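Starting from 1, each residue takes its place in the sequence as its number. None of these values were measured; they are calculated from a predicted model.
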Amino acid sequence: MDALAPLIAAAMNAGTPLMLAALGLLINEKSGVINLGSEGMMLVAAALGFALAVQTGSPAVGFIGGALVGALMAGLFAWLVVWLGANQVACGLALSLFGVGVSASIGLPYVGATIQISTWSVPLLGDIPFVGPALFQHHPMVYGALALAVLLSWFLYRTRAGLVLRAVGESPESAHSLGYSVSRIRLVALLFGGACCGLAGAFMSLVYTPMWVENMVAGRGWIALALTPFATWRPLRVLIGAYLFGGITILTFHMQALGVPIASQLLSMLPYLATILVLVLISRNVNWIRINMPASLGRAFNPNH
């Protein structure tokens, strides 16, 4: 039991950036736009957030900077896709590639630098044996991600604004005929998604591994994209999926530490193999995807649909 608590805590930490990014991407897709640039946005936010934290001595400034640069990159994507009508897939891939280069440039002077993150514990609950170390001794951003999942679930299915957002994703023509600005709603959704990806990237360099390493996001932006169909575009299911994938990541590290006689390269592949397997299993049920996927999102991939 003493060994299990750190594993649970590590899985929650590993799942938090996935959850933050996937929740933002879910809102994008609910509005009918898919942004494949999540990997690039997370990388730039990780580099800039770490640089700001080193320069100012305040991780909070790093998080704010990460969220802002993520929103800025999403705004560029929105301008290309929503206003100029560019292809969503091509622009998203270009944004990811752009982020890889920009993040390497920003982070180069900070390779080898470190920052100090103060420990944090929920009063009283953090002192409970086993439960405290496992669940109640995390960075506040971990609990912020949990609260965001609950808040977005309420927003989407219990508020008029959430209904309008879903209407824009399901039938933008109908939403426009009722007087709603589809382009502005999608812009706000994309900016929110970019800010969430920025927070996820900043979490990677400020909390998860408090240092900057080139390409440190290591495919988590793509896993976050896979989490949205895995969760059937529902925020609370994103929470479950993020912790599941985070747990698989930590399990591979633990197996390597225990000296399991499996090649380390194969163990490192497990989270990504699990992602592919999940997507393959989901895609086999066409009716299930059709029922849950926002209609206009499907038309983005199949214009003749």
Side-chain angles (χ1 to χ4, degrees), residues 15-46 66-67 69-78 80-82 88-96 98-99 144-146 148-149 151-153 155-156 162 165-166 168-170 185-204 217-246 271-272 275 278-279 282 289 292-298 300-301:
T16 295
L18 296 175
M19 190 191 314
L20 286 168
L23 288 172
L25 296 171
L26 182 147
I27 294 298
N28 291 177
E29 295 175 19
K30 280 292 188 181
S31 74
V33 181
I34 183 168
N35 186 354
L36 299 181
S38 53
E39 182 83 1
M41 291 188 292
M42 289 176 68
L43 276 169
V44 174
V69 76
L72 180 64
M73 293 178 70
L76 173 62
F77 175 83
L80 292 170
V81 169
V82 178
Q88 296 180 24
V89 175
C91 288
L93 292 174
L95 191 64
S96 269
F98 173 75
L146 287 167
L148 182 62
L151 181 62
L152 288 181
S153 183
F155 168 78
L156 286 172
L165 178 69
R166 289 187 288 123
V168 167
E170 291 294 337
I185 291 171
R186 285 180 169 172
L187 171 62
V188 172
L190 285 166
L191 291 176
F192 175 82
C196 286
C197 287
L199 287 174
F203 185 91
M204 288 290 302
V217 173
R220 287 175 176 83
W222 303 111
I223 294 179
L225 277 164
L227 273 176
T228 54
F230 171 82
T232 61
W233 292 271
R234 294 179 180 273
L236 294 181
R237 294 178 186 174
V238 166
L239 185 155
I240 297 171
Y243 285 150
L244 174 63
F245 283 99
Y272 310 101
T275 303
V278 166
L279 290 178
I282 289 173
I289 286 289
N292 290 283
M293 176 185 285
S296 61
L297 190 64
F301 289 96

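Every residue meeting the ring pair (Phe, Tyr, Trp, His ring centres under 6.0 Å) condition with Phe245, not counting sequence neighbours, appears here in chain and number order: Phe230. Listed by chain and number, the residues in a side chain to side chain contact (heavy atoms under 4.5 Å, CB included) with Ala94 amount to none (sequence neighbours excluded). By the side chain to side chain donor-acceptor pair (under 3.5 Å) test, Thr16 is found to be paired with no residue, residues two or more places apart in sequence or in another chain being considered. Remark: Ala200 engages Pro17, Leu20, Ala21, Met42 in a side chain to side chain contact (heavy atoms under 4.5 Å, CB included) (not counting sequence neighbours). Among residues two or more places apart in sequence or in another chain, the side chain to side chain contact (heavy atoms under 4.5 Å, CB included) test is passed with Leu93 by Leu36, Val89, Trp222. Applying the side chain to side chain contact (heavy atoms under 4.5 Å, CB included) test to Ala45 and every residue at least two apart in sequence or in another chain returns Val69.
In this structure, CG in Leu23 is found 7.0 Å from CZ in Phe192, a value given to the nearest 0.5 Å. Taking CD1 of Ile240 as the reference point, atom CZ of Arg234 lies at 12.0 Å (rounded to 0.5 Å).
The two residues Ser96 and Ser38 have their closest heavy-atom pair at OG-N, 4.2 Å. The two residues Ala149 and Met19 make their nearest non-hydrogen contact at CB-SD, 4.5 Å. Considering every non-hydrogen atom in both Ala78 and Leu190, the closest pair reads CB-CD1, 3.5 Å. The heavy-atom pair separating Arg220 from Glu39 by the smallest distance is N-OE1, 3.5 Å. Shown here for Leu80 and Cys91, the closest heavy-atom pair between the two residues is CB-SG, 4.0 Å. Here the shortest heavy-atom pairing between Pro229 and Leu225 reads CD-O, 3.2 Å.
Exactly one of Leu26, Ile27, Leu236, Val238 qualifies for a side chain to side chain contact (heavy atoms under 4.5 Å, CB included) with Leu152. That residue is Ile27. Under the side chain to side chain contact (heavy atoms under 4.5 Å, CB included) rule, Met73 has a single partner from Asn35, Leu95, Leu191, which is Leu95.
In this structure, Leu156 and Trp233 have side chains that are not in contact, with every pair of non-hydrogen atoms separated by 4.5 Å or more.
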Does Leu25 form a side chain to side chain contact (heavy atoms under 4.5 Å, CB included) with Asn28? I'd like the steps, not just the answer. CA-CA 5 Å; Leu25 296 171; Asn28 291 177; 4.0 Å; yes

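Heavy atoms from other residues, nucleotides or ligands lying under 6.0 Å from CZ of Phe155 number more than 12.
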